[in-house]
Structure formats: C-alpha cells, structure tokens
Enquirer: 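Handing you a structure now.
Quick note on labels: first sequence line is chain A, next is B, and so on, each numbered from 1.
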2 protein chains.
Amino acid sequence: MTLRDVSEASGVSEMTVSRVLRSRGDVSEATRQRVLEAARSLGYVPNKIAGALASQRVNLVGVIIPSLSNMVFPEVMTGISEVLEDTGLQPVVGVSNYHHDREEQVIYEMLSWRPSGLILAGVEHSEASRAMLAQAGVPIVEIMDVDGDPVDSAVGISHRRAGRQMAEAIIAAGYRRIAFLGTHMPTQDTRARKRLEGFEEALAKAGLSLVDREYYTGGSSLLQGRAMTEALLKRSPDVDFLYYSNDMIGAGGLLWCLDQGLDVPGKIGLAGFNGMELLDGLPRKLATMDACRLEIGQQSAEIVAGKRPGGAGAREVIELTPTLDLGDTIRK
Amino acid sequence: MTLRDVSEASGVSEMTVSRVLRSRGDVSEATRQRVLEAARSLGYVPNKIAGALASQRVNLVGVIIPSLSNMVFPEVMTGISEVLEDTGLQPVVGVSNYHHDREEQVIYEMLSWRPSGLILAGVEHSEASRAMLAQAGVPIVEIMDVDGDPVDSAVGISHRRAGRQMAEAIIAAGYRRIAFLGTHMPTQDTRARKRLEGFEEALAKAGLSLVDREYYTGGSSLLQGRAMTEALLKRSPDVDFLYYSNDMIGAGGLLWCLDQGLDVPGKIGLAGFNGMELLDGLPRKLATMDACRLEIGQQSAEIVAGKRPGGAGAREVIELTPTLDLGDTIRK
DNA sequence: ATGAAAGCGCTAACAG
DNA sequence: CTGTTAGCGCTTTCAT
C-alpha cells in the first residue's frame, strides 16, 4: 500500500496526493476530498521511512533514561510529552539500565534514526558516547544533573548542593550521629554519589563525619529499606539520623522505626530524596528534597523544540532549585 | 556523513563497507579492519532510515501502553525487553493515556514506521484502530486482557474471572457486607470494569450484592485510598469488606483502617489487585491477585519475535492464570 | 492548482 | 571476496 495506490485510486498524481496528506501547498477542495476518500477507503498509512529519507526530517526526539521502574522518570516523561505535544515532535524512550555501555548502544541506535534531538539523563557518558553526541548535529539535552560538563545543553539540579543543603538542615536540627543508607553503585548512579559527596562535605565543615553507612544493590523497595535500617541500627544503635539515598528505602526505614516504637523525629530523624508523592499517605511524611522532575522534563523539551528565548540550537545550561521538605521526620 | 565517505576514506566500495558494518557476507579480515578503522575515525553512524527503506526491514517493535506512571507497565516492559534483547529487535514505547483516540493516533504513528510488530494493552480499540491493525501485515499482540476478540494474537488474564475468583474467596471467608472502591473510568479502564463485573456476578450467585461503592477519578495514590475509605466507611459503617480496584488505593485504605484501630481482617477485610511488590514492606500485606505482568511481557515478545512453537506469524491467544494471595487482610 | 524528474542513503541481487 | 546496478517510497524542485 503506497502513495501510488492512492494516486491511482483517486486519479491524481502522487505529488498531489502527497500534498493533500501533508496539508502542504494549494490543492482544490474537490481533489482534496477525492484523495482523502481514496486514502481512507484503502486504509493507507504513509511510510515515514521513505518520507524521512526524502525530506531529511524526522519528527522524533530520543529520550534515554536509566530505568522505567524508578518512578522518577515517568514524571520527567510527562513533562516532556506535555511540551512536545503541540510541536509535532514525538518522544521515543530508550532505557540504559544505569550502564554506560548500554547507554552507548542506545545512543548509537537512536542517532542512527536521525532524530530531531536527544534528551538523556546525566552528564557522565562514555568517551564514544560523548563523541557521537558532539557530532550529532541536533540539540542534545542532558538532564537531572548539572554538576559536570555538558556536551550541549543541560537542565537539572546540583545534586552536590542538594546533599549539602540536606546536611545543613539536619545539623541545624541538632542531630549529630548521622548515618547513610543507599545504593551501592559507585559509577552508575552518579547522582546519588554526588549527593552523598555534598552531604559529607557539609558534615565535614561542621566538624562531623558519617558514623556508619549501609549499602545495597538492586532495586529500591520498602522491604529493602526496612532490612537495611534494621541492620544498621543493630550495628550502631546510637545513631540519631538516617540519611537515605532515595525516598523508597527511606520510607521502608521509617516504617521499620515506627514498628519498633522509636521516637521519630525526637530520638532519631530520617530523610530521603526525590519528593515522591506516591508515598504521601504513609503514617508520617518523610523529610525529602524534590528533584524538579516535571520542570526538568518541560524545559528540556522546550530546548529540543527550539521554544526557548534563544531560539533553536541555542546552547543553554539551566540549574533548577530543589525544595527541601522537613516532613515529620526532622525536628523543627 | 554517509557510507560513501567511509567508502572513500577506506578505498573500498560502498557495498563492501555496508557488508562490513552489518557483518554480512564474506569480507577479508584486512579490508574489514580498514573499513572499521575508517568508520570509527570518521565517527560514522549508519542511517537506518535509508537502510530500512532499502531492505524493507525495520528492527523495531511498537509497544503501546496506557500510562507510564501505572507501575504495572514497567514490569511488562521488563519482560518484553528481556526477550527482545537477543533477537535484534528493539521496543519503542508509546503512551495512550487511557484514551482510544490518542491510542489511534499512536498506532497510526507507529505503523507509519513499519515496525516488525506491535504489542498493545487491551482488546478494546476504536474501529479505525482495529482496521489499521488488521491491515498492518505484521504480528499484533494485544496484552493484559483476554476477555474479548483479539485482532491477532493475545496474551493476558481474564479479568472477569479474576474478579469472580476474588469474590468467591471473600465470601468463603465469611464476609457479607461488601463494598467496592475504584476508578471511575467507565470506558477507558476496561480491565478494572471487567473485574468488577466478574466480582458482582459471583456475589449475585451467592445471593449477595454490593452494599456500597465509591468512585474516583485521577491517579491512584495512598492518599486517594485513605480519603475514599474514610468517605465510604463514614457513610456505611457496617461494611465488612472493602474491594479496591487496585493495590495502591487498597494500601491507602489499609493504612487508614489501621490508623483508626479497626480490626483487620477480623471485623473488616480488604483486597486490591495487581500484586504490586512495591508495597510489600507495609505493616500488613494487602490481599491481592497478581496479574502475571512479567510473563505477559515475555510471551508477547516471543510471539512478535516468532519464537513460539508455531513459528513466525502464527496466531495465538494465551490465557495466563493469576495467583490469589490472601495476605493479612482476609481471614483464613 | 497540478505534474515530472531527480534524488534522499542505503541494500538486494547479481556479476565477476 | 569485491564491485555494479537498480531501486525502496517518498519529497524537493522546477515546470506548466
């Protein structure tokens, strides 16, 4: 089923059919109807591959994220879709599973479809990836994180600063024996690592250091959070604050503490990261810091779509400011 | 940057370059290296648009789901990716937001890229969608639900049967004054509706009917579940069982009941749907029914990839059997 | 307002 | 093992 079939069925040249189907140029209403009717009755679906090859234009924007199960990314996607909606551009999702090698493959795969732009999480990529991105000739937007050296544009928060800020709030609230619980992903989950770095930096400035730490691998879950918290508190019962690398394990830890009848936030405080509204209905609200996910999605899409003040192709690095929420788990 | 550039840089014909880059046919190791080197140093990324047009082959599989934030779908995606991994096929995600109109657009958009197959949630689609799917000439797999009339293949569970089975378990446990709490999506969330239909059918068979019901619109969350539960129990304090259309609002309801000090599952029982392991660390385990999400993803991908016994293009309808888990919220 | 010709960058099919 | 020749189905550009 090709344009030619529609052309024959409607008795008009392929060119005119093409014009009707793309609503380009002047076509008399009569032929327009005739063509539309023919296309509809044949069930014609245009071949974008041929169209893209001929026009050298592809209405796709690649979006590369580490994981779909992280909850963080769906919200970013929402922001992206929202903005792309009325630009004629379509997002296409790729998943890297937190692996730079995998990410490199996905970037290669995506660029081979010659998209109109690429949005990808993080500013750390393999050498080869950076080279491809730099060569791509389309807008590249690195999102989530601005602590680094973006290839082109970037929209995100400073995770180092976020970690620092949380540490300052915790210290200000009077906690002193602070422990960390989080992902064990030395290179992959760089953003969690940067938060921890900023956190420890601020502790050091106050003459403190982490009293204990507990790492895990694999997905985050309430159960994981409970288990880690139990392990850590058994080992270091005198800890007075638990800083988690994300809200999910933080919430698990919170539930465990409440089960144990611990005095939260009096004797022990807790904090996570992300501002996952999903967890809002729990018995207590976990202290957290929102990562501006929706806004990151929106602004990155605007850059790709050339909707920003500077116009298309203008390089931009946008640092957003996360909001700290003390919830019910840090003394006020 | 085209094949031609690599051809010139390496002094070999375009055809040979093409062969090297696709590892097709015999090429001497010497030229192979020369070509690879040239391609690498130029930073050449093949143009799949041209390749696909020439070869009439596209290694993409469209996956159309209602929402990314539903938690249910990431797990399906995991199953799909897992299986497609070593087939050379790549999933491409599209989101319909539970709207048939939007779904129709996404189907059209996807088919216009001539993918190797399509996997989509549900068996209810617009007339135009069904027509396009029927015409597509590639494997189409409708997933999640088998209560209906699939266009081609299907993999899922019977939601009607699932609802029935849950009702039977609840009745068997001795609950009699049963209420329903769930999404108000008359046409869109058909699967929730079918579960409710099956549920009421089984109640009727036992001479019972729903004592009350509470609907909501918008996303599912713990907070939503709490609010609905409070509203319903204020209105009908004598209810002894709460059947929720999904685990998220069910968990919210459970937390509310526990806060109120209600005797769960003695005086009042609760059940949800989905088997969301995410919620596993809550104080009590909600009764639920797992929807075989991972397996649905895997099997649908196998069909698209032509990996099933019947070989490629064989139509199949696979009904999986969900597992009932009474958790801690149905008396035993 | 409509049509004809010439590719877009690659690969299938065949020759050597 | 390597090269040549034709397209793939559409859009661009230029006529008419």
Enquirer: Measuring to OP1 and OP2 of dT2(C), would you say a side-chain N or O of Thr31(A) lies under 4.0 angstrom away?
Expert: yes

Enquirer: Would you kindly give the CD-to-C1' distance between Glu14(A) and dC8(D), to the nearest whole Å?
Expert: 13 Å

Enquirer: In residues 38-53 of chain A, which residues come under 4.0 Å of DNA chain D by heavy atom?
Expert: Tyr44(A), Asn47(A), Ala50(A), Gly51(A)

Enquirer: Nearest heavy atom decides the nucleotide; on that basis, is Ser13(B) or Arg114(B) closer to the 5' end of DNA chain D?
Expert: Ser13(B)

Enquirer: Are Gln56(A) and dG7(C) close enough that a side-chain N or O sits under 4.0 Å from OP1 or OP2?
Expert: no

Enquirer: Quick one: bend of the helix from dA1(C)-dT16(D) to dG16(C)-dC1(D) from 5 pairs per end, to 10°?
Expert: 30°

Enquirer: Between atom CE in Met1(A) and atom C1' in dC8(D), what is the gap in whole Å?
Expert: 17 Å

Enquirer: For the pair His100(B) and His125(B), name the ring-plane relationship: parallel under 30°, tilted 30 to 60°, perpendicular over 60°.
Expert: tilted

Enquirer: Residues two or more places apart in sequence or in another chain: which of them pass salt bridge (Lys or Arg N to Asp or Glu O under 4.0 Å) with Glu85(B)?
Expert: none

Enquirer: Would you say Ser28(B) places a side-chain N or O within less than 4.0 Å of OP1 or OP2 belonging to dT2(D)?
Expert: yes

Enquirer: How would you list, by chain and number, every residue that makes a side chain to side chain donor-acceptor pair (under 3.5 Å) with Ser67(A), sequence neighbours excluded?
Expert: Ser69(A)

Enquirer: Which residues satisfy the salt bridge (Lys or Arg N to Asp or Glu O under 4.0 Å) test with Glu295(B), sequence neighbours excluded?
Expert: none

Enquirer: Restricting to side chain to side chain donor-acceptor pair (under 3.5 Å), what partner residues turn up for Thr87(B), sequence neighbours left out?
Expert: none

Enquirer: Taking salt bridge (Lys or Arg N to Asp or Glu O under 4.0 Å) as the test, write out the residues that go with Asp26(A), two or more places apart.
Expert: none

Enquirer: Using the side chain to side chain donor-acceptor pair (under 3.5 Å) criterion, which residues pair with Gln105(A)? Sequence neighbours excluded.
Expert: Arg102(A)

Enquirer: Tell me which pairs pass salt bridge (Lys or Arg N to Asp or Glu O under 4.0 Å) where either residue lies in residues 131-150 of chain B, with sequence neighbours left out.
Expert: Arg130(B)-Asp149(B), Asp145(B)-Lys194(B)

Enquirer: Extract from the structure each pairing of a protein N or O with an N or O of nucleotides 12-16 of chain D at less than 3.5 Å, listing the distance.
Expert:
unit_1	atom_1	unit_2	atom_2	d
dT12(D)	OP1	Arg57(A)	NH2	3.1
dT12(D)	OP2	Arg22(A)	NH1	3.2

Enquirer: Heavy-atom distance under 4.5 Å between the side chains of Ile64(A) and Val93(A), does that happen here?
Expert: no

Enquirer: Examine dG9(C): is either OP1 or OP2 under 4.0 Å from a nitrogen or oxygen in the side chain of Thr2(B)? Give yes or no.
Expert: no

Enquirer: Could you state the CZ-C1' distance from Arg4(A) to dT11(D), rounded to the nearest angstrom?
Expert: 16 Å

Enquirer: Restricting to pairs with a member in residues 103-123 of chain B, which pass salt bridge (Lys or Arg N to Asp or Glu O under 4.0 Å), not counting sequence neighbours?
Expert: Lys48(A)-Glu109(B)

Enquirer: Return the value, rounded to whole Å, for the distance between atom CG of Asp5(A) and atom C1' of dC10(D).
Expert: 13 Å

Enquirer: Which residues pass the salt bridge (Lys or Arg N to Asp or Glu O under 4.0 Å) test with Arg315(B), not counting sequence neighbours?
Expert: none

